[in-house]
Amino acid sequence: MPVWFNPARELDALLRKVAPSVAGFDADFNPELRPSDPRHADFQANGVLAVAKKAKGNPRALATALVDAVKATGELDEKLFQVEVAGPGFINFKLTPVALGAWLREYRDESKWRAGAARMMGGRKVVIDYPSPNTAKQMHVGHLRPIVIGEAVARLIEFCGAKLTRDNHIGDWGTNFGILILAIRRAGFKLDSQSPTALDDLERLYKEGSVLTKADPAALDAARAELAKLQSGDAENLALWEEIVKVSNTACQRIYDQFGLKTDVILGESFYRDKVDQVYTELQKVGLAEESEGALVVWHDDEPRFSRHAETPMPFIVRKKDGSSNYASTDLATLLYRAEYFKADEIVYVTDGRQQDHFQQLFRTGAKWFTATKRTLPRLRHVWFGTILGEDGKAIKTKSGDPVRLQSLIDEATERAFAAVTAKSPELSETERKAIAKAVGIAALRYVDLASNRTMDYSFSWDKLLAFEGNTAPYLMYAVVRVRSIFRKNGIEVGKGEEGATDPETPTEIALARKLLGFTAALDLALEDLRPHHLSTYLHELAAAYGAFYAADTVNVDDPAVRARRLMLCARTCSILETGLRLLAIEPVERM
RNA sequence: GAGGGGGUAGCUCAGUUGGAUUAGAGCAGCAGCCUUCUAAGCUGCGGGUCGCGGGUUCGAGUCCCGCCCUCCUCACCA
């Protein structure tokens, strides 16, 4: 009998198969199989309670009858599963040490996980849109989340078998450029992209322009006019724009390099400058778009909020009254391009949650447009995240004071990590400590964003972002380091020395083994809503189970069978922790 | 006003879609554990009327209704 890779899925199938032959159950019986509180069992089926309620039967009697029928099939090896009816009528399944041992021997390494996971997305073509910053600005803490969450989601999707294209859809064709061009003109500034202070100059000028246009509507109109000139091909503005883009792209790239971020393509808004006319034409032709107050807009009367009759009307403005494009125009053009050029089955947008209305309008417009033109609409998903708030509890905005620059944050993280590694492992060479500090510092930053639900807002705090203890990246990395250290001391590679391993025996061994089996469930959960924190939570629990095992059960003991099985548990822990960390884009280290 | 997020321990957050006498972590606090594989660790203790009030049922932090607080978005910014 083969060892089940995913016992929950198999038990679910078995119960579905057997149930119809038992009095009181229908053909469409849903066992509602799920992981259980480990104090009770590994898995539990709750579905019998629903059946009993409907039929007004006795749930425990029904559950017992079902369990008997399952046992009678002989398909459930009782050496592997303990089955019992518990509480009001749950069916509990507990994996025996024999089952845990068999599973650990069978599912050894990342290739097994990957093969199992690859079925989940089954080769679908997915375009993921991240981190897509607005250029012409220095990157600050607000740019952290799209980089970190986007990369984790991308890796998750890829791991689960998608053919992925990472598209950095930079904001390089919007009013922010109008503002900047205006400010440069007014200051009589001569921009030189080669100048070392170019970025700081732009930063300063943008701030000036921003203040000016906020205070004075006439200035805002002037900025829009500069943008309109740019979009209509004015040579002077175009030349200036190119210089600005050059400066800001270089600056962004420096940050990306430090995060190891590599997108496949960078097709910003400006790439679609000659593709928006088709959008205007088609939307008008199929009767979706119409003129309103001089602008070209789309109403969705089937949704009260976006209807023209809404109390506070919120049209989807696809072309501004001065004829220039905005993000709705370019997003629609982008949607079409991704569907036609990349043949996307699915598009994932990773952006700030404040853009939810925009994406709902975009998706609705896209659906109607594609239907009317007989195109196939890709599945569209908006993976949004909450805001990083300033100390005052308000969203960080360039205007309200100076938000912490991303580079400062990286530097501080690296410095603190260097101090920590120097204090704890002074015997390592400075070069090695520097490399570790860089990995640990960035990892700590990333993990903060990946450990909690992405839809949550949180307040910026140095101490929170740079914590190295507790549920943090360094904690997970440290677990890996301790596993690897055992193998290094023994002079063997991870995964060796398992011959003759017996089944898990001590409570901490068993707890660790059970936790190891939970990896696929965590992946399922994280993939479903593209929420990486489910994976983080799991990895933290796994590292904690390893910590308890490590403290309680010495690996290097004389008994060869015990030693072999503990080495096996160590190797599996290492493999799953490293695989999981890499899915979060955290690169584990050998020592720290 | 409409839509969205949030309200769970002093603080920061999980809570696998309605399950099990006792709602979980991490920080912070207290008490222990380094002559054994890395103490960025481990063990234990204390700390909660899950915003408030109703309802649905065998069973609610989770679902329904009504309130309260807070953050975000709502005509040419992305």
Side-chain angles (χ1 to χ4, degrees), chain A residues 32 34-37 39-40 44 46 49-50 52-53 59 86-90 132-134 171 173-176 178-179 213 220 224 269 292-297 304-306 310-315 317-322 324 326-328 330-331 351-358 360 384 386-387 389 393-395 417 420-421 423-425 440 451-453 455-459 461 463-464 467-472 474-475 477-479 481-490 521-522 524-525 528 533-534 536-537 540-541 544 547-548 550-552 554-557 566 570 591-592:
Chain A
E32 292 180 36
R34 51 201 59 156
S36 186
D37 183 323
R39 282 174 298 200
H40 300 114
Q44 64 184 67
N46 299 342
L49 286 161
K53 184 190 266 185
F90 308 124
S132 311
N134 274 331
W173 205 237
T175 302
N176 47 338
I179 292 172
T213 51
L220 183 57
R224 287 185 184 135
E269 292 168 350
S292 170
E293 297 176 26
L296 188 66
V297 308
R305 287 161 53 216
F306 305 135
E311 246 179 276
T312 49
M314 193 174 7
I317 299 167
V318 298
R319 189 180 62 204
K320 300 198 268 187
K321 66 181 171 200
D322 64 11
S324 49
N326 65 0
Y327 71 138
T330 48
D331 271 1
T351 82
D352 190 287
R354 289 174 289 188
Q355 298 182 37
Q356 286 176 90
D357 286 338
H358 167 73
Q360 285 189 23
W384 61 273
T387 314
L389 308 170
K394 303 269 184 187
V421 70
K424 298 182 198 284
S425 305
V440 170
S452 65
N453 199 333
T455 55
M456 298 283 279
D457 293 344
Y458 67 85
S459 294
S461 145
D463 287 339
K464 177 187 174 132
F468 295 160
E469 285 162 25
N471 185 8
T472 63
Y475 175 78
M477 297 169 84
Y478 185 65
V481 162
R482 294 210 288 181
V483 179
R484 290 202 160 270
S485 177
I486 290 173
F487 286 94
R488 190 169 54 241
K489 281 270 158 68
N490 283 321
D524 274 338
L525 216 49
E528 182 166 348
H533 79 284
H534 286 121
S536 306
T537 303
H540 179 249
E541 287 168 2
Y550 183 90
T554 306
V555 175
N556 287 320
V557 292
R566 290 184 181 165
C570 285
R591 28 185 139 208
M592 60 192 273

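On a predicted model such as this, the values are computed, not experimentally measured, just so you know.
Backbone-only engagement by Asp457(A) is indicated by non-hydrogen atom pairs under 4.0 Å involving sugar-phosphate atoms exclusively. At a threshold of 4.0 angstrom between heavy atoms, the contacts of Thr312(A) include nucleobase atoms, whether or not backbone atoms are also involved.
The side chain of Arg354(A) places no N or O atom within less than 4.0 Å of a non-bridging phosphate oxygen (OP1 or OP2) of rC71(B). Using a 4.0 Å cut-off, some side-chain N or O of Lys424(A) falls inside it from OP1 or OP2 of rA40(B). Phosphate contact (OP1/OP2 of rG15(B), side-chain N/O of His534(A), threshold under 4.0 Å): present. Here Tyr475(A) reaches the OP1 or OP2 of rC42(B): one of its side-chain N or O atoms lies under 4.0 Å away.
In this structure, CG of Asn46(A) is placed 9 Å from P of rA20(B), rounded to the nearest angstrom. Protein atom CD of Glu469(A) is 10 Å distant from nucleotide atom C1' of rA39(B), rounded to whole Å. Whole-Å rounding puts the Met456(A) CE to rG5(B) C1' distance at 9 Å. Atom CG in Leu389(A) sits roughly 12 Å away from atom P in rU12(B) (whole-Å rounding). Look at CG on Asp357(A): it is 16 Å from P on rA78(B), rounded to the nearest Å. Rounded to an integer number of Å, the gap from Gln356(A) CD to rG4(B) C1' is 5 Å.
Comparing rC76(B), rC13(B), rU43(B) against the side chain of Asn326(A) picks out rC76(B) as the nearest. Listed nucleotides rG19(B), rC74(B), rA14(B) differ in distance to Ser452(A); the shortest reach to its side chain belongs to rA14(B). Of all nucleotides listed (rG41(B), rU73(B), rG15(B)), rG15(B) comes nearest to the side chain of His533(A).
In rU36(B) the base sits anti relative to the sugar, since the glycosidic angle is further than 90° from 0. Annotated as syn: rC34(B), whose glycosidic dihedral is within 90° of 0.
Judged by distance alone, the side chains of Ser324(A) and Asp322(A) do bring a donor and an acceptor atom under 3.5 Å apart.
Remark: ring of His40(A) stacked against base of rA20(B); centroid gap under 5.5 Å, plane tilt under 30°.
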